[in-house]
Amino acid sequence: MSEEHHKLESQRRENRGQVEAAGLYPYGLREDGLLTSRQVRDLHSDEADTRAAELTKAAKEGGPAGEDPRALVRFAGRVMLLRDNGKLLWLTLRDHEGDLQVAVSQKDCAPEGFALAKCTDLGDVVIAHGRVMKTRTGEITVWASALKPAAKCLVPPPEKHSGLQDVELRYRQRYVDLWANPETMQAARLRSRIVSRVRRFMEERGYLEVETPMLQTLAGGAAARPFVTHMNALDIKLFMRIAPELYLKRLLVGGMPRVFEINRNFRNEGLDKQHNPEFTMLEAYHAFGDVETVMELTEGIVRDAAAFVAGERAAPAGHAPPAEVVLPFGDLSINYSRPFDRVTYGQLFEKAWGFSMRDAQQVRDALLRLHPGLAARVNTMDHWLMVNELFEEKAERLVDPSRPTFITDYPAAISPLTRPKRDDPTLADRADLFIAGMEVAPHYTELNDPDVQEAKFREQLQGVSAEKNAEEQTFRTFDHDFVRALKVGMPPAGGMGLGIDRLVMLLTDQRTIRDVLLFPMMRPEV
RNA sequence: GAGGGUGUAGCUCAGUCGGUAGAGCAGCGGCCUUUUAAGCCGUAGGUCCGGGGUUCGAGUCCCCGCGCCCUCACCA
């Protein structure tokens with residue numbers, strides 16, 4: 001079974017044989033009562049060290065042997081550094097919280113433990129039992145009375161000073177990156193705690209967390225290309241969901257007043273710094289609310305999460321928390337304490353182009369100047385499509401990236417699934433939150449008139465068949481059950497979707513989505 | 001999709017004008033009971049991403065391909 005191994009691996013296999021030869025099982029056994037490196041550090045006491053020294057001295061002079069006052073601990077970690085002085089070995093072990101030194105001396109450690117230390121390789125996981133003390137040079141150290149194997153590392157570890165630098169290897173072998181580069185572990189833990197914090201924020205405001213299908217017979221709720229799969233038992237085509245929206249709304253129909261889901265969506269599209277094919281979204285619906293209700297919700301979530309991260313950073317205890325929460329993102333300093341800016345789509349448009357988005361003639365002329373090639377089509381093109389073209393060209397960029405900003409009052413024509421404003425049906429009750437140029441969260445007053453919804457579905461289908469894309473036709477389907485649900489009656493509601501990955505990027509100053517995902521999508525290895 | 005960068009030992013990286021493939025760390029053999037990237041002595045380690053070309057000679061120059069990173073575009 002064993003083929004040829006790399007030389008360095010073979011040597012490690014031989015060392016594993018030596019562990020067995022010492023009568024130990026290289027892959028370890030259950031160990032209760034383990035402390036983390038931080039807990040061990042906290043248990044150290046200078047006073048205990050002093051008393052221990054006095055006891056030793058007294059014992060030498062023939063006095064009674066007292067109980068060692070220093071804490072006795074069990075600690076497990078991966079061997080990061082190993083200094084072999086012959087009869088005394090120094091091991092630097094690392095766990096998820098940090099590094100801790102362990103000393104294994106021939107005199108004080110059980111013989112199997114000393115033998116183990118002698119054949120340990122960098123990267124092995126070991127368990128140390130011992131007293132917490134401080135060395136002459138002031139380093140908190142576990143002076144081992146026993147050392148046990150927990151796992152053999154057969155693979156040569158990364159270079160000990162620089163860690164694992166190769167970006168591709170870091171993503172592909174996250175299991176190495178996590179222990180070789182402590183920042184990676186920190187980032188992963190911070191993400192987890194941010195998500196947990198967001199969850200608690202929602203729950204405290206009466207939102208019920210639910211889980212809705214990820215395998216769907218129709219991939220609705222957003223305009224995106226889905227992943228297609230097949231279910232054997234029923235012999236049907238299934239789609240990975242692109243959004244949970246239509247299911248969450250069904251729950252409002254059923255009478256749930258406030259619901260949210262934090263989970264994965266799948267979109268069969270390109271990869272870049274802001275897009276991974278599977279990504280995590282918080283989607284929330286608030287019955288008897290509207291777009292304003294959920295804008296306030298998002299602002300609260302983002303501010304709370306930012307304050308949490310800022311608090312984590314201002315680690316030194318005793319310092320008063322800063323009056324304002326300001327977090328860096330690249331060159332930007334983003335202030336999350338101030339009320340988020342608001343600007344209407346129309347205002348931004350006018351600021352960018354110098355005329356109203358309702359001025360059909362000027363819109364057409366400007367678009368022609370921008371894209372002369374469109375001359376033939378410009379007379380038949382929808383006015384609002386042209387407006388949006390111009391908007392994306394110049395207006396979006398006018399938003400100050402360092403100020404979280406809601407863009408409100410989008411044209412209804414480009415927001416097909418949103419309820420038009422009561423006082424101006426050409427505008428939609430929709431607002432998008434932008435931070436640092438990233439679209440972080442859209443907000444809507446949800447459509448709940450079944451007849452309008454049905455018409456929109458139909459319109460969308462026609463829009464697709466009008467284009468030549470036959471493939472799209474196969475997954476843009478009319479969701480009859482959703483219309484049926486609306487016929488039963490869905491209360492008016494506000495809904496929003498917050499990109500969790502992007503939120504974490506912003507709060508943790510990571511420029512690429514891959515650095516906030518533990519296992520980003522990668523091309524398969526050859 | 002276009003442009004730029006990059007690929008050398010297990011890891012991190014040098015490699016000049018085209019002239020025998022290098023360092024540090026890790027490894028291996030020794031010595032060492034207070035080290036801190038431990039130290040000292042000795043030693044081994046290469047498909048220079050792949051293929052083709054130019055040349056007496058290619059890690060280096062040229063062409064094709066592949067992976068990864070960055071920028072832009074597209075898609076949403």
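Below, chain A is the first sequence line, B the second, and so on; all start at residue 1.
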Tell me, please, which residues at least two apart from A/Glu97 pass side chain to side chain donor-acceptor pair (under 3.5 Å).
-> A/Thr36
Nearest to side-chain heavy atoms of [X], which nucleotide of [options]:
{"X": "A/Glu168", "options": "B/rC74, B/rU12, B/rC68", "result": "B/rC68"}
{"X": "A/Asp166", "options": "B/rU71, B/rU12, B/rA38", "result": "B/rU12"}
{"X": "A/Asp272", "options": "B/rU12, B/rC74, B/rC28", "result": "B/rC74"}
{"X": "A/His6", "options": "B/rC11, B/rG10, B/rC70", "result": "B/rG10"}

Round to the nearest Å and state the distance from [X] atom [atom1] to [N] atom [atom2].
{"X": "A/Gln274", "N": "B/rC72", "atom1": "CD", "atom2": "C1'", "result": "14 Å"}
{"X": "A/Gln173", "N": "B/rC68", "atom1": "CD", "atom2": "P", "result": "15 Å"}
{"X": "A/Leu169", "N": "B/rG10", "atom1": "CG", "atom2": "P", "result": "12 Å"}
{"X": "A/Arg13", "N": "B/rG10", "atom1": "CZ", "atom2": "P", "result": "17 Å"}
{"X": "A/Gln165", "N": "B/rG10", "atom1": "CD", "atom2": "P", "result": "18 Å"}
{"X": "A/Arg170", "N": "B/rU12", "atom1": "CZ", "atom2": "C1'", "result": "14 Å"}
{"X": "A/Leu154", "N": "B/rG27", "atom1": "CG", "atom2": "P", "result": "15 Å"}
{"X": "A/Lys273", "N": "B/rC74", "atom1": "NZ", "atom2": "P", "result": "18 Å"}

CG (A/Asp272) with more than 12 external heavy atoms under 6.0 Å = yes
Whichever of A/Thr120 and A/Arg523 has its nearest RNA chain B nucleotide further upstream toward 5' | A/Thr120
Map A/Tyr171 and A/Gly138 onto RNA chain B by nearest heavy atom, then report which one ends up closer to the 5' terminus.
-> A/Gly138
Using the [atom1] atom on both, measure [N] against [M] and round to a whole Å.
{"N": "B/rC68", "M": "B/rG29", "atom1": "C1'", "result": "39 Å"}
{"N": "B/rA58", "M": "B/rU47", "atom1": "C1'", "result": "15 Å"}
{"N": "B/rC25", "M": "B/rA9", "atom1": "C1'", "result": "12 Å"}
{"N": "B/rC49", "M": "B/rU43", "atom1": "P", "result": "29 Å"}

Checking all strands, does [X] fall into the base, sugar-phosphate, or nothing category for heavy-atom contacts under 4.0 angstrom?
{"X": "A/Glu392", "value": "nothing"}
{"X": "A/Leu89", "value": "nothing"}
{"X": "A/Arg514", "value": "sugar-phosphate"}

If [N] has a Watson-Crick or G-U wobble mate with both distances under 3.5 Å, name it; if not, just say none.
{"N": "B/rA23", "result": "B/rU12"}
{"N": "B/rC61", "result": "B/rG53"}
{"N": "B/rU6", "result": "B/rG67"}
{"N": "B/rC72", "result": "B/rG1"}
{"N": "B/rG46", "result": "none"}

Partners meeting salt bridge (Lys or Arg N to Asp or Glu O under 4.0 Å) with A/Asp84 (sequence neighbours left out) = A/Lys118
Pairs in or reaching into residues 162-171 of chain A: which pass side chain to side chain donor-acceptor pair (under 3.5 Å), with residues at least two apart or in two chains?
-> A/Glu159-A/Ser162, A/Glu168-A/Arg172, A/Arg170-A/Asp177, A/Tyr171-A/Asp515
Charged N to carboxylate O below 4.0 Å: is that the case for A/Lys249 and A/Glu446?
-> yes
Between A/Asp501 and A/Arg191, is there a side-chain N and carboxylate O pair less than 4.0 Å apart?
-> yes
When you compare the protein's N or O atoms with those of nucleotides 32-35 of chain B, which come within less than 3.5 Å of each other, and at what distance?
from	atom 1	to	atom 2	distance (Å)
B/rC32	N3	A/Asp84	O	3.1
B/rC32	N4	A/Asp84	O	3.3
B/rU33	OP1	A/Lys87	NZ	3.4
B/rU33	OP2	A/Asn85	O	3.2
B/rU33	OP2	A/Lys87	N	3.2
B/rU33	O4	A/Lys107	N	3.3
B/rU34	O2'	A/Arg136	NH1	2.8
B/rU34	O2	A/Arg136	N	3.4
B/rU35	O2'	A/Arg83	NE	3.1
B/rU35	O2	A/Arg83	NE	2.7
B/rU35	O2	A/Arg83	NH2	2.8
B/rU35	O2	A/Gln101	OE1	3.3
B/rU35	N3	A/Gln101	OE1	3.1
B/rU35	N3	A/Gln101	NE2	3.0
B/rU35	O4	A/Gln101	NE2	2.9
B/rU35	O4	A/Thr135	OG1	2.9

So which pairs with a foot in residues 50-59 of chain A pass salt bridge (charged side-chain N to carboxylate O under 4.0 Å, His left out), sequence neighbours left out?
-> A/Glu47-A/Arg51
Hey, could you give me each pair passing salt bridge (charged side-chain N to carboxylate O under 4.0 Å, His left out) that has a residue in residues 404-414 of chain A? Not counting sequence neighbours.
-> A/Asp409-A/Lys421
All N/O donor-acceptor pairs, side-chain side in residues 121-132 of chain A, below 3.5 Å, sequence neighbours left out:
from	atom 1	to	atom 2	distance (Å)
A/Asp121	OD1	A/Asn15	ND2	2.9
A/Asp121	OD2	A/Asn15	ND2	3.0
A/Asp121	OD2	A/Lys152	NZ	2.8
A/Asp124	OD1	A/Cys153	N	3.0
A/Asp124	OD2	A/Asp121	N	3.0
A/Asp124	OD2	A/Lys152	NZ	2.7
A/His129	NE2	A/Glu31	OE2	2.6
A/Arg131	NH1	A/Arg70	O	2.5

Among all residues two or more places apart in sequence or in another chain, which pass the side-chain contact (heavy atoms from CB on, under 4.5 Å) test with A/Thr426?
-> A/Arg358, A/Trp384, A/Asp424
Could you run down nucleotides 40-50 of chain B 5' to 3' and tag each one B, S or - for protein heavy-atom contact under 4.0 Å?
-> ----S------
Solution key, residues 432-442 of chain A side-chain donor-acceptor pairs under 3.5 Å, sequence neighbours excluded:
from	atom 1	to	atom 2	distance (Å)
A/Asp432	OD1	A/Arg430	NE	3.4
A/Asp432	OD2	A/Tyr410	OH	3.4
A/Asp432	OD2	A/Arg430	NH2	3.1

Output field: ring centroids A/Phe457/A/Phe478 closer than 6.0 Å = yes
Distance flag, aromatic centroids of A/Phe391 and A/Tyr345, threshold under 6.0 Å = yes
Using the test ring-ring contact (aromatic ring centres under 6.0 Å, His included), find all partners of A/Tyr285 that sit at least two apart in sequence or belong to another chain.
-> none
Contact under 4.0 Å: A/Arg172 side-chain N or O vs B/rG67 OP1/OP2 | no
Every protein N/O lying under 3.5 Å from an N/O of nucleotides 22-26 of chain B:
from	atom 1	to	atom 2	distance (Å)
B/rC25	O3'	A/Lys160	NZ	3.4
B/rA26	OP1	A/Lys160	NZ	2.6

